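The next block holds one structure in the form of structure tokens; read it before the comments.
Labels below follow one simple rule: chain letters A, B, ... track the order of the sequence lines, proteins then strands, and each chain is numbered from 1. On a predicted model such as this, the values are computed, not experimentally measured, just so you know.
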Amino acid sequence: MRKYNHREIEPKWQERWENDDLYRLDPDSKQPKWYFLTMFPYPSGRLHIGHWFMYAPPDAKARYLRMKGMNVFFPTGFDSFGLPAENAAIKRGVDPKKWTYDNMDYMRKEFRTMGASYHRKNHEVVTSDPEYYKWTQWLFIQFFNHGLAYRKKAPVDWCPKCNTSLAREQVKGDERRCDRCQTQVVKKDLDQWLFRITKYAEELLDFSQIQWPERVRTLQTEWIGRSEGAEIKFQIENSSEFITVFTTRPDTVFGATALVIAPENPLVEQLTTEDKKQAVQEYVFQARRASEIERMATTREKTGLWIGAYALHPFTKERVPIWIADYVLMGYGTGAIMSVPAHDERDFAFAKKYDLPIPTVIAPPDWDGQPLSAAYSESGKMVNSGQFNDLSNEEGKKAIVEALAAMDQGKAAINYRLRDWLISRQRYWGAPIPIIHCQACGMVPVPDDQLPVLLPDGVQFLPTGESPLKLSTEFKNVTCPKCQGAAERDTDTMDTFVDSSWYWYRYINPNKPEVFMDKSLKQWFPIDEYAGGIEHATMHLMYARFFTKALNDMGLVDHREPFKRLFNQGLILGEDNQKMSKSRGNVIDPDELVQEYGADTIRTYLMFIGPWEAGGPWSSKGIEGIVRFYKKIWNFILDPTPTINGEATATEIKDLQRILHKTINKVGNDLENFQFNTVVSTLMELFNYLAKAKETAVVNTPHWQEALKTFILLIAPLAPHISEELWEALGQPYSVHKQSWPKYDASLAANEVFTLVVQINGKLRERIEGVSLSASDEEVKQLAMSHPNIAPHLAGKELKNVICVPKRLVNIVVK
RNA sequence: GCGAAAGUGGCGGAAUUGGCAGACGCGCUAGACUUAGGAUCUAGUAGGGCGACCUAUGGGGGUUCAAGUCCCCCCUUUCGCACCA
């Protein structure tokens, strides 16, 4: 008999499937469509085990859905713009383009060894291809024309190592580090392009149309950071102008003893009195110098300075001093607050330090009228608040906002933490921003017929902090499309997250000259399922939703959410339980594993290792179990059926069918729910059963042959190669992957008898096998209580209660 | 500091959602076959007790006939957010 040799069968079938284009997408098929998207990889050089973990289990699911009769679209490509290419280029002196495209060639070969059924042939998308980024640029122009892309000079987060600005989402953690290289970011004043994602802040909070994991919804909700409150205008003394503050507690306005504005607030210069100028300038200078990290540290003592000016309280008309303090952030709200020391912890600390009054305006329960020893930020009755006294503070909020509105000094307001998305990057390997700056005409979009704006080759791209494209005069100097005068191209490139914010539309037909006008596109959207890592919760996944809403508003797509269902797989760790990295030396190379064990084994093992959403450490030990599993299956199918005399009993046949159909059902359900680990264990249980049954007369029945076929069909999604080989060995027609999923018959899966669990006072005492499902509660109780192992326990005890759970257990309560 | 999730044998993990805890696999122990091997097969494997039994799902309390699962408190770990007014 042949031995199982993956090195022989895997390349063989991979070649045949490829030649036959076995998984070719038929867009005209009448089968229900199912768009199953996985996050596409960055072409970093070679596949690591994490790629396999991310792509092999979805492939199993895609194969299952196809067998179930769905027209599954399962595309992939490469997110191929981005910094690593440049960094590698600098390090090794190769062209970023060459590095990237060589990597993709290599990785495509590696991908092939996985035996995945991705639609690569006619649907692959590569974001650095001009044919692709032409549309990234075209979309930028649509955003520009619709007021969703704008340019602004502002202090931005700058990574000194990557030498580029970053979006807020790409700055991580309390130490404010670059998402890519972990370097601490600094602030820099730059003219930058932003996408107006804040326009959709409210709608992005609404997840009612999509089924996404709670975690992601929470992360996005917190990131958007909605807070309800009011804007209150304080008139500046001796001026007709106002300072607007945002507060969530308008009910505490009578407790405001100062206005505090951020050091960066332009009002500082305007309002500071002559005698305070020098001190204020010094403070502002210090504040600017202090890093973000220092300013963010919550434990840091509050500092600030009175700038000499006053505002007038909107109700009492009393003078309220205006201070600056760096605990007020320019980037949130209006960059100015009313300081209410009695009811805000930070304001309390500030007032204590600078001896500002701390009037109580919301009475804590049992308040004795004495000054508070700590800020009280809960609710309570309003006091010291003029006409609003004795209202509950919740009523007070409404009443005060109404009164302010009547005076035209305030209104209800909602504030978001979400900032607009900064997309300018001062790097080379990205899609050029398709804008021409003309002295006369301003910012002019590149006309459609001149797209794409090609990324020039042979540019000196060393990161200097300036955009490398600036150095290319050929690229930079152009004529204005409007006035034909001399003009300059924008020399920044786009954040690669722009490239990946719409790629799923391009998969359908990457070679067509049009994208969104293509009618055949519509029927695939929104995407049924999207699988990828949770690390993209507040970046890619939020940008993707924003893009879809914007595209919908522009009439380019007909849906407002891109992905109906999202699933996050976990992270695969090294054997030391640490994140895999070259420096730790714990990286697992899938190529070696495939060589040694074969793709089917690796795929299955990755599914078996634990819940997909949990991830976890790789262990090379457990893989032996899967190796044995497939070896045994191989021998089981190819070994001649033993000669067994006699006839199978009806029970044997029913048992066989029962476990078979139970397995069909469970494997299907678990695949649909991404519970790959129990798919594998269920199939192992079935196999263990079949291996034993092979020694019984059941092998003489036609049911046995059916069972073998069914078993191969069930493992086909997990192990595409070995199943194809064994399918052929069973004399079945090519290809196993074109077969229908076995039909589940609930009546065959149903039990006829059950094991009755007998408990006394909730403790297991006996199991009675083979109890009829049709037995009445009374009969079951009788059966239990009269059982020889149970009856003695009951003797001489007072019977309190007998609980009967139908088809399951009896619990006898005695005293 | 705030918020969320998780904690089950030596290990990875199951558990029809309140009803037999430990499926499946790794590892380990013993045996068989042996061309002596890190192959294969068979049996065993939560802990304790000679035993009938007892004890076990991070710890403590509670609800319930019945709790890994629900409620309260605590501990630990992981992950978000972090002066957001």
Task: Interatomic distance, Glu624(A) CD vs rG38(B) C1' [rounded to whole Å] - done: 8 Å
Open item on the list: Counting only side-chain heavy atoms from C-beta out, which of rC65(B), rC83(B), rC54(B) sits nearest to Arg765(A)?
Closed with: rC54(B)
Task: Distance, P atom - from rG61(B) to rG47(B), rounded to whole angstrom - done: 26 Å
Task: Out of rA21(B), rA85(B), rG19(B), whichever nucleotide has its closest atom nearest the side chain of Leu764(A) - done: rA21(B)
Open item on the list: Could you go through Glu228(A) and Arg226(A), starting from their C-alpha distance and side-chain angles, then the distance that decides it, and tell me whether this counts as salt bridge (charged side-chain N to carboxylate O under 4.0 Å, His left out)?
Closed with: CA-CA 7 Å; Glu228(A) 251 175 73; Arg226(A) 180 186 198 269; 2.7 Å; yes
Task: rG80(B) OP1/OP2 closer than 4.0 Å to side-chain N/O of Arg217(A) - done: no
Open item on the list: Mind checking if Pro617(A) touches a base, just sugar-phosphate, or nothing, with heavy atoms under 4.0 Å?
Closed with: nothing
Open item on the list: Could you tell me how far apart Asn688(A) (CG) and rC41(B) (P) are, to the nearest whole angstrom?
Closed with: 11 Å
Open item on the list: At 4.0 Å (heavy atoms only), tell me whether Arg226(A) reaches a base, stays on the sugar-phosphate, or touches nothing.
Closed with: nothing
Task: Nearest-Å distance once atom C1' is located in both rU63(B) and rC50(B) - done: 40 Å
TODO: Compute both the distance and the angle, then confirm whether Arg417(A) meets the cation-pi test with Trp223(A): under 6.0 Å from the six-membered ring centre, within 45 degrees of the axis.
DONE: yes
Open item on the list: Under 4.0 Å, heavy atoms only, any strand: does Ser619(A) hit a base, just the sugar-phosphate, or nothing?
Closed with: nothing
TODO: Describe the nucleic acid contact of Val813(A) in one word from base, sugar-phosphate, nothing, applying a heavy-atom distance below 4.0 Å.
DONE: sugar-phosphate
Open item on the list: Taking the six-membered ring for Trp, are Phe636(A) and Phe687(A) closer than 6.0 Å centroid to centroid?
Closed with: yes
Task: Under 3.5 Å on both distances, the Watson-Crick or G-U partner of rA82(B) - done: none
Open item on the list: If I take atom CZ in residue Phe246(A) and atom C1' in nucleotide rC83(B), what distance separates them, rounded to the nearest angstrom?
Closed with: 15 Å
TODO: Name the residue closer to the 5' end of RNA chain B, choosing between Leu809(A) and Lys763(A) according to the nucleotide with the nearest heavy atom.
DONE: Leu809(A)
Open item on the list: Rounding to an integer number of angstrom, what distance separates rU34(B) and rA21(B) when you compare their P atoms?
Closed with: 43 Å
- [ ] Go ahead and name the base partner of rA15(B); Watson-Crick or wobble counts if both distances stay under 3.5 Å, otherwise write none.
- [x] none
- [ ] Output yes when at least one side-chain N/O atom of Thr218(A) is less than 4.0 Å from OP1 or OP2 of rG80(B), else no.
- [x] no
Task: From CA spacing to verdict: side chain to side chain contact (heavy atoms under 4.5 Å, CB included), Asn5(A), Lys3(A) - done: CA-CA 6 Å; Asn5(A) 181 0; Lys3(A) 272 195 170 163; 5.7 Å; no
TODO: To the nearest Å, give me how far apart CG (Asn577(A)) and C1' (rU77(B)) are.
DONE: 11 Å
- [ ] Determine the interatomic distance between C1' on rA67(B) and the same-named atom on rA82(B); round to the nearest Å.
- [x] 37 Å
Open item on the list: Checking contacts here: which listed nucleotide (rG12(B), rA85(B), rA23(B)) is nearest the side-chain heavy atoms of Val328(A)?
Closed with: rA85(B)
Open item on the list: Can you measure Arg346(A) atom CZ to rC2(B) atom P for me and round it to whole angstrom units?
Closed with: 15 Å
Task: Base partner of rU42(B), which must satisfy Watson-Crick or wobble distances under 3.5 Å - done: rA30(B)
Open item on the list: Under 4.0 Å, counting only non-hydrogen atoms across every strand here, what does Lys632(A) touch: a base, just sugar-phosphate, or nothing?
Closed with: sugar-phosphate
Open item on the list: So if I take every side-chain heavy atom of Arg417(A) and compare against rC84(B), rG80(B), rC83(B), which nucleotide ends up nearest?
Closed with: rC84(B)
Task: 5' precedence on RNA chain B between Gly615(A) and Asn811(A) (nearest-nucleotide basis) - done: Gly615(A)
Task: Spacing of the C1' atoms in rA6(B) and rU57(B) (rounded, Å) - done: 13 Å
TODO: Would you mind pulling out the nucleotide paired to rU77(B), Watson-Crick or G-U wobble, both distances under 3.5 Å?
DONE: rA5(B)
Task: Opposite nucleotide pairing with rU35(B), Watson-Crick or G-U, both atom distances under 3.5 Å - done: none
- [ ] Check every strand shown and say whether Gln759(A) touches a base, only sugar-phosphate, or nothing at a heavy-atom separation below 4.0 Å.
- [x] base
Task: Interatomic distance where OH belongs to Tyr605(A) and P belongs to rC24(B) [whole Å] - done: 18 Å
- [ ] Provide the distance between the two C1' atoms, one in rA15(B) and one in rU8(B), to the nearest whole Å.
- [x] 10 Å
TODO: Rounded off to whole Å, could you give me the CD-to-C1' distance for the Glu214(A) and rG80(B) pair?
DONE: 13 Å
Open item on the list: I'd like to know if the side chain of Thr360(A) pairs up with that of Tyr376(A) as donor and acceptor (distance under 3.5 Å, no hydrogens or angles considered).
Closed with: no
Task: Rounded distance (Å) that lies between atom P of rC26(B) and atom OH of Tyr597(A) - done: 13 Å
Open item on the list: Under 3.5 Å for both donor-acceptor distances, Watson-Crick or wobble: does rG47(B) have a partner, and if so which one?
Closed with: rC54(B)
Open item on the list: Between rA4(B) and rG68(B), how far apart are the two P atoms, rounded to whole Å?
Closed with: 25 Å
Open item on the list: Syn if the chi torsion is within 90° of 0, anti otherwise; quick check, which is rG58(B)?
Closed with: anti
Open item on the list: So if I take every side-chain heavy atom of Ile803(A) and compare against rU16(B), rC65(B), rA82(B), which nucleotide ends up nearest?
Closed with: rC65(B)
TODO: List the steps, then state whether ring-ring contact (aromatic ring centres under 6.0 Å, His included) holds for Phe350(A) with Tyr327(A).
DONE: CA-CA 9 Å; Phe350(A) 191 68; Tyr327(A) 78 93; 5.2 Å; yes
- [ ] Report yes if a side-chain nitrogen or oxygen of Arg628(A) is closer than 4.0 Å to either non-bridging phosphate oxygen (OP1 or OP2) of rG27(B); otherwise report no.
- [x] yes
- [ ] Please measure how far the C1' atom in rC33(B) lies from the corresponding atom in rA39(B), and state the result in whole Å.
- [x] 11 Å
Task: Parallel, tilted or perpendicular, as decided by the 30° and 60° cut-offs, for the rings of Phe254(A) and His313(A) - done: tilted
TODO: In sequence, state the C-alpha distance, the side-chain angles, and the governing distance for Trp323(A) and Tyr354(A), and then conclude on ring-ring contact (aromatic ring centres under 6.0 Å, His included).
DONE: CA-CA 11 Å; Trp323(A) 289 61; Tyr354(A) 293 107; 5.1 Å; yes
Task: Under 3.5 Å donor-acceptor pair, Lys621(A) side-chain atoms to rC11(B) base atoms - done: no
Open item on the list: OP1 or OP2 of rG25(B) versus the side-chain N and O atoms of Asn677(A): is any pair under 4.0 Å?
Closed with: no
Task: side chain to side chain donor-acceptor pair (under 3.5 Å) between Glu575(A) and Ser620(A), worked out - done: CA-CA 8 Å; Glu575(A) 247 166 321; Ser620(A) 50; 2.8 Å; yes
- [ ] Just name whichever nucleotide pairs with rU69(B), Watson-Crick or G-U, keeping both distances under 3.5 Å, else none.
- [x] none
Task: Side-chain N,O (Asn415(A)) to OP1/OP2 (rC84(B)) below 4.0 Å - done: no
Task: Base orientation of rU17(B), syn vs anti, 90° cut from 0 - done: syn
Open item on the list: Looking only at the side chain of Phe608(A) (C-beta and beyond, no hydrogens), which of the listed nucleotides rA85(B), rA14(B), rG25(B) gets closest?
Closed with: rG25(B)
